[in-house]
Enquirer: 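Structure in structure tokens, see below.
Naming convention: chains lettered A, B, ... in sequence-line order (proteins, then strands); numbering from 1 in each chain.
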There are 2 protein chains.
Amino acid sequence: MRSEVDVFREFLAHKEMRFTPEREAILAEVFAEHDHFDVEELIMRLRQKGQRISRASVYRTLALLVASGLVQEVFYEDGHMHYEHIYGHDHHCHLRCLGCRSIVEFRDPAVEEAEKRIGRGHDFATTGHRLDIYGYCRQCREKKE
Amino acid sequence: MRSEVDVFREFLAHKEMRFTPEREAILAEVFAEHDHFDVEELIMRLRQKGQRISRASVYRTLALLVASGLVQEVFYEDGHMHYEHIYGHDHHCHLRCLGCRSIVEFRDPAVEEAEKRIGRGHDFATTGHRLDIYGYCRQCREKKE
DNA sequence: TTGATATTGAGAATCAATCGCAGATGAGAT
DNA sequence: ATCTCATCTGCGATTGATTCTCAATATCAA
């Protein structure tokens, strides 16, 4: 499998854009950990490694990463956007605890299949989906009792 | 089935809050049409009916409607929140065309079932889910060719 | 009617995200 | 190596949605 660096390079080349040191550093940091993150965290992590990249560039690069399909937006209920890198991972969905706000990833073939089937039924050529299941994890249930 | 008015009244009573004329008007307008809407549209519609309710009250009341379960937030990719009333409707998910941004609702028992099954598998007591399927509708596919 | 409490509206404040622009940088041509 | 020119970056200002503050108002219970 091509590395995310190659994928991003090619994506940029296709749009006649440059693979700059800033974009390279942001890409590397986004793929450095497998966790959801937001812009503030990403900037912090870059700072800690001595990278001083402006907020605007981080936003601009994230938009490119999303457009390239390497990164996905994750909707949180806290007023701003979060992200996760998805290249090289199976598609997954999120189980979200309404108590502690924790998020567990899961994969489920039946959901993948449902996407295709529902798409066919409505004459949609589907490209993907986003499923969030809400509930309460064991700890939060016990806390409530 | 109890009307949405009764449900909201009870919800407010439970929290020792009042069913004011403003809240009544907003509730009525939210349920007047079955379409996704955003705050701006809602205020516009209220204005056209002679209601002059402040933006702050609309936001505050919408939060209450969401908390009461009568209304659901719908994530759009246009930078602000959209809503739909859900009381009295089966739970449904959204098929979203990436071309024309149109949204089609659908219901699917397999998805409901998947929610339960996945919840059991992860020791989550599920309360609901949100599924968006992305793709291209027929019109947009034909346009691209 | 009175007092206690909840609610509203207006505008200020907040905060994520975007924009505009001047100067910096990079890739290819010479 | 230098020139050229389009692309990029960083800064700071701006936008725009949403929330907050607070004084004035409305409601409920006694």
Side-chain angles (χ1 to χ4, degrees), chain A residues 5 8-30 36-47 49-68 71-84, chain B residues 5 8-30 36-47 49-68 71-84:
Chain A
V5 177
F8 196 39
R9 275 201 136 98
E10 187 173 313
F11 172 83
L12 291 172
H14 183 68
K15 307 192 97 185
E16 302 191 353
M17 299 176 86
R18 296 178 188 150
F19 186 65
T20 64
E22 288 82 1
R23 289 176 181 162
E24 182 170 14
I26 292 167
L27 173 66
E29 194 52 50
V30 163
H36 297 175
F37 62 89
D38 60 23
V39 171
E40 226 48 46
E41 287 166 43
L42 184 55
I43 289 176
M44 208 77 81
R45 277 161 50 190
L46 286 163
R47 287 261 159 86
K49 303 198 177 169
Q51 301 280 357
R52 225 124 257 264
I53 297 174
S54 74
R55 194 170 304 276
S57 288
V58 172
Y59 275 105
R60 285 185 289 232
T61 302
L62 274 174
L64 292 171
L65 290 170
V66 169
S68 74
V71 168
Q72 188 175 48
E73 296 179 328
V74 182
F75 295 122
Y76 272 53
E77 258 106 59
D78 69 348
H80 63 276
M81 193 56 80
H82 292 241
Y83 303 85
E84 63 180 338
Chain B
V5 177
F8 195 38
R9 275 201 136 98
E10 187 173 313
F11 172 84
L12 291 171
H14 183 68
K15 307 193 95 183
E16 302 190 354
M17 299 176 87
R18 296 175 187 152
F19 187 64
T20 64
E22 287 82 1
R23 289 176 180 160
E24 182 169 16
I26 291 167
L27 173 65
E29 194 52 49
V30 163
H36 296 175
F37 62 89
D38 60 23
V39 170
E40 226 47 46
E41 286 167 42
L42 185 55
I43 289 175
M44 208 79 80
R45 277 161 50 190
L46 286 162
R47 287 262 158 87
K49 302 199 177 167
Q51 302 280 355
R52 234 118 279 231
I53 297 174
S54 73
R55 191 172 304 277
S57 289
V58 172
Y59 274 105
R60 285 185 289 232
T61 303
L62 274 174
L64 293 171
L65 289 170
V66 170
S68 74
V71 168
Q72 189 176 48
E73 295 180 328
V74 182
F75 295 122
Y76 272 53
E77 259 107 57
D78 68 349
H80 62 276
M81 193 56 79
H82 292 240
Y83 303 85
E84 64 180 337

Enquirer: How would you summarise protein contacts on nucleotides 11-23 of chain D per nucleotide, using B for base, S for sugar-phosphate only and - for none, with heavy-atom distances below 4.0 Å?
Expert: B-----SBBBB--
Enquirer: To the nearest angstrom, how far is D38(A) atom CG from dA17(C) atom C1'?
Expert: 13 Å
Enquirer: What is the distance, rounded to the nearest whole Å, between atom OH of Y76(B) and atom C1' of dA17(C)?
Expert: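 Rounding to the nearest Å, OH of Y76(B) and C1' of dA17(C) are 21 Å apart.
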Enquirer: Kindly indicate, with the supporting measurements, whether the criterion side-chain contact (heavy atoms from CB on, under 4.5 Å) is fulfilled by L27(A) and T61(A).
Expert: CA-CA 8 Å; L27(A) 173 66; T61(A) 302; over 6 Å; no
Enquirer: In whole angstrom, what separates I53(B)'s CD1 from dT25(D)'s P?
Expert: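 Taking atom P of dT25(D) as the reference, CD1 of I53(B) is at 18 Å.
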Enquirer: For atom CD of E77(A), decide whether the heavy atoms of other residues, nucleotides or ligands shown that lie under 6.0 angstrom number more than 12.
Expert: yes
Enquirer: Between C1' on dG10(D) and CG on L46(A), what's the gap in Å once rounded to a whole number?
Expert: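 About 15 Å, once rounded to whole Å.
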Enquirer: In whole angstrom, what separates E24(A)'s CD from dT25(C)'s P?
Expert: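 Result: 16 Å.
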Enquirer: Tell me, which of residues 10-22 of chain B have any heavy atom that sits under 4.0 Å from an atom in DNA chain D?
Expert: R18(B)
Enquirer: May I ask you to decide whether E40(A) forms a salt bridge with R55(A), counting only side-chain N to carboxylate O separations under 4.0 Å?
Expert: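 Answer for the salt bridge query: yes.
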Enquirer: Looking at every non-hydrogen atom in both residues, tell me the closest pair between I26(B) and S57(B) and how far apart they are.
Expert: CD1-O, 3.9 Å
Enquirer: What are the two closest heavy atoms between A25(B) and I53(B), and how far apart are they?
Expert: CB-CD1, 3.9 Å
Enquirer: Can you name the closest pair of heavy atoms from M81(B) and D38(B) and give their distance?
Expert: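 Heavy atoms only, the tightest pair is O-CB, 3.5 Å.
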Enquirer: Quick one: does any side-chain atom of R23(B) pair with a main-chain N or O of R18(B) as donor and acceptor, under 3.5 Å?
Expert: yes
Enquirer: Please name the pair of heavy atoms, one in H36(A) and one in E84(A), separated by the smallest distance, quoted to 0.1 Å.
Expert: NE2-OE1, 3.0 Å
Enquirer: To the nearest angstrom, how far is L62(A) atom CG from dA16(C) atom P?
Expert: 15 Å
